[in-house]
Number of protein chains: 2
Amino acid sequence: MKVSKAQVQENRARIVAMAAMLFRERGYDGVGVAELMAAAGLTHGGFYKHFKSKADLMAEAAAAGLEQSAVNTADLDVIAFVNQYLSRQHRDAPGEGCTMAALSGDAARQPDSIKAVFAEGIERQLAVLGANQAVDADANKQARALIIETMAQAVGAIVLSRACPDDSPLADEILAVCRARILGQYEREPEVKP
Amino acid sequence: MKVSKAQVQENRARIVAMAAMLFRERGYDGVGVAELMAAAGLTHGGFYKHFKSKADLMAEAAAAGLEQSAVNTADLDVIAFVNQYLSRQHRDAPGEGCTMAALSGDAARQPDSIKAVFAEGIERQLAVLGANQAVDADANKQARALIIETMAQAVGAIVLSRACPDDSPLADEILAVCRARILGQYEREPEVKP
DNA sequence: ATTATCTATAGATCTATAGATAATGC
DNA sequence: ATTATCTATAGATCTATAGATAATGC
């Protein structure tokens, strides 16, 4: 029943990847260890050779999800990012979407060890979107403020839109309004290029 | 052991009020019926004479929390609202704060019956903040868009700030930046008065 | 020999129900 | 007579551990 070291590593990665998806879809309390391990093709007893506890996995899955978002958006400019982020596709597929939007509410009730992972993930995403890339300190401060505002509005729009019933006109209106207004801001205040 | 009709009504209201607070603090899955009833000074068996199920209470507690926010902010203009909403006090007291910010993430995973309560609560809050109060249809549309953008950014800022560790500089920065930028927008685009 | 995985289970917790009780309200 | 509340419990589920197993890797 033992498996190769490569297989062990692959199994562990699959558990983390499944957790990152299932937690985003159903929340930290919405997915049990047994179900998670079954989704990864294993039995639940083996979980504790990979992780000390479910809380440990939560931190690792959050880091994986946040890292994935940063990598996926690394080659987008802010306008492309906003168009993708504030889309119905993103709203309706939380399992593959932004970890901040899907799990920040849950993270707020977790210990600082998990919140620290989120803070790092937020900071990373701000960097990817072009904060701190301006020529001088003052321009940097302004660029960073603009990116923070954009992320907050984008996250808020997705969170509120997802809280509405599936066919609610308000759900779509929130996305459309925020997308238009953010994009309008980047026309007036063009993105800072390095 | 039976109690008067007035007492029954009072007990029920206390259960709903405690639920509205505890759910905001710890999430729908974070509070059990037994603990909730104990917090209301009752034993858990009696719960089911008041509510058909925990899910029924969740809908009613959400409605109560959303209603409370609307009433509390009814006499504030948008600027006073934003100053209060994007404060450390609000961020650090979710149990008495905005239900949208505290529970939208949980609501997204609940059935449409609960999401419908949230959609109504959002719509109500938009109305309180002055959407639909302009003189003509076009001005109304613009005013509504501005309020939606403001709510999304405010909710997103609180949600992200709460996901950061308690002493995180980023948590405070998100609040300060979004507060300043929203207020700046209302200077440039003054609030629509009826 | 080591150890990742499996089966089985302990112990806690959670929602919901059953039946008894006693004060209200017709 | 009705019924809100209480005590007790059923049945499900969840995290974590114990012990057996069998293939890897020294």
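Keep in mind that this is a model prediction, so the values were computed, not measured. Letters A, B, ... are given to chains in the order of the sequence lines, protein chains preceding strands, and every chain is numbered from 1.
Within the structure, a side-chain polar atom (N or O) of A:Y48 is placed less than 4.0 Å from OP1 or OP2 of D:dA16. For the OP1/OP2 pair of C:dT3 and a distance below 4.0 Å, the side-chain nitrogens and oxygens of A:K49 include no atom meeting the criterion. Of the side-chain N and O atoms in A:N11, one or more sit less than 4.0 angstrom from OP1 or OP2 of C:dT5.
Between B:K54 atom NZ and C:dT17 atom P there is a gap of 15 Å when expressed in whole angstrom units. Separating the CG atom of A:D29 from the P atom of C:dT15 is a distance of 11 Å, rounded to the nearest angstrom. Per the geometry, CZ belonging to A:R12 stands 16 Å off C1' belonging to C:dT5, to the nearest Å. Whole-Å rounding puts the A:K52 NZ to C:dA4 P distance at 17 Å. Taking atom CG on A:L36 and atom P on D:dT15, their separation rounds to 9 Å, with Å as the unit. Atom CE of A:M58 and atom P of D:dA16 are 10 Å apart (whole Å). What separates CD of B:Q7 from C1' of C:dT24 is a distance of 12 Å, to the nearest Å. Taking atom CD on A:Q9 and atom P on C:dA4, their separation rounds to 12 Å, with Å as the unit.
Toward the 5′ end of DNA chain C lies the nearest nucleotide of B:Y28, the other residue of the pair B:Y28 and B:A6 mapping further downstream. Of the two residues contacting DNA chain C, namely A:H50 and B:F47, the nearest-nucleotide position lying further toward the 5' end is that of A:H50.
A salt bridge links A:E10 to A:R14: one of the charged nitrogens lies within less than 4.0 Å of a carboxylate oxygen. Ion pairing of A:R109 with A:D29 is absent here, as no side-chain N (NZ or NE/NH1/NH2) approaches a carboxylate O to less than 4.0 Å. Salt bridge annotation for A:R24-A:E96: absent, with no cationic side-chain nitrogen under 4.0 angstrom from a carboxylate oxygen.
The base-pairing partner of D:dA20, taking Watson-Crick or G-U wobble contacts with both distances under 3.5 Å, is C:dT5.
Checking D:dA4, D:dA8, D:dC6 against the side-chain heavy atoms of B:H44 singles out D:dA8 as nearest. For A:V3, the listed nucleotide lying nearest its side chain is C:dA4; candidates were C:dC6, D:dA4, C:dA4. Between C:dC6, C:dC26, D:dC26, one nucleotide has an atom nearer to the side chain of B:K5 than all others, and that is C:dC26. You'll find that the side chain of B:T43 is closest to D:dT7, out of C:dT5, D:dT7, C:dT15.
B:V128 and B:I122 fall into different hydrophobic clusters, defined by Ile, Leu, Val, Met, Phe, Trp and Tyr side-chain heavy atoms under 4.5 Å apart, directly or through other members.
Within the 4.0 angstrom heavy-atom criterion, only backbone atoms of the sugar-phosphate kind lie near B:S4; the bases stay farther away. Here A:G45 lies in heavy-atom contact (under 4.0 Å) with a base.
With hydrogens and angles left out, the side-chain atoms of B:T150 and B:Y186 include a donor and acceptor closer than 3.5 Å.
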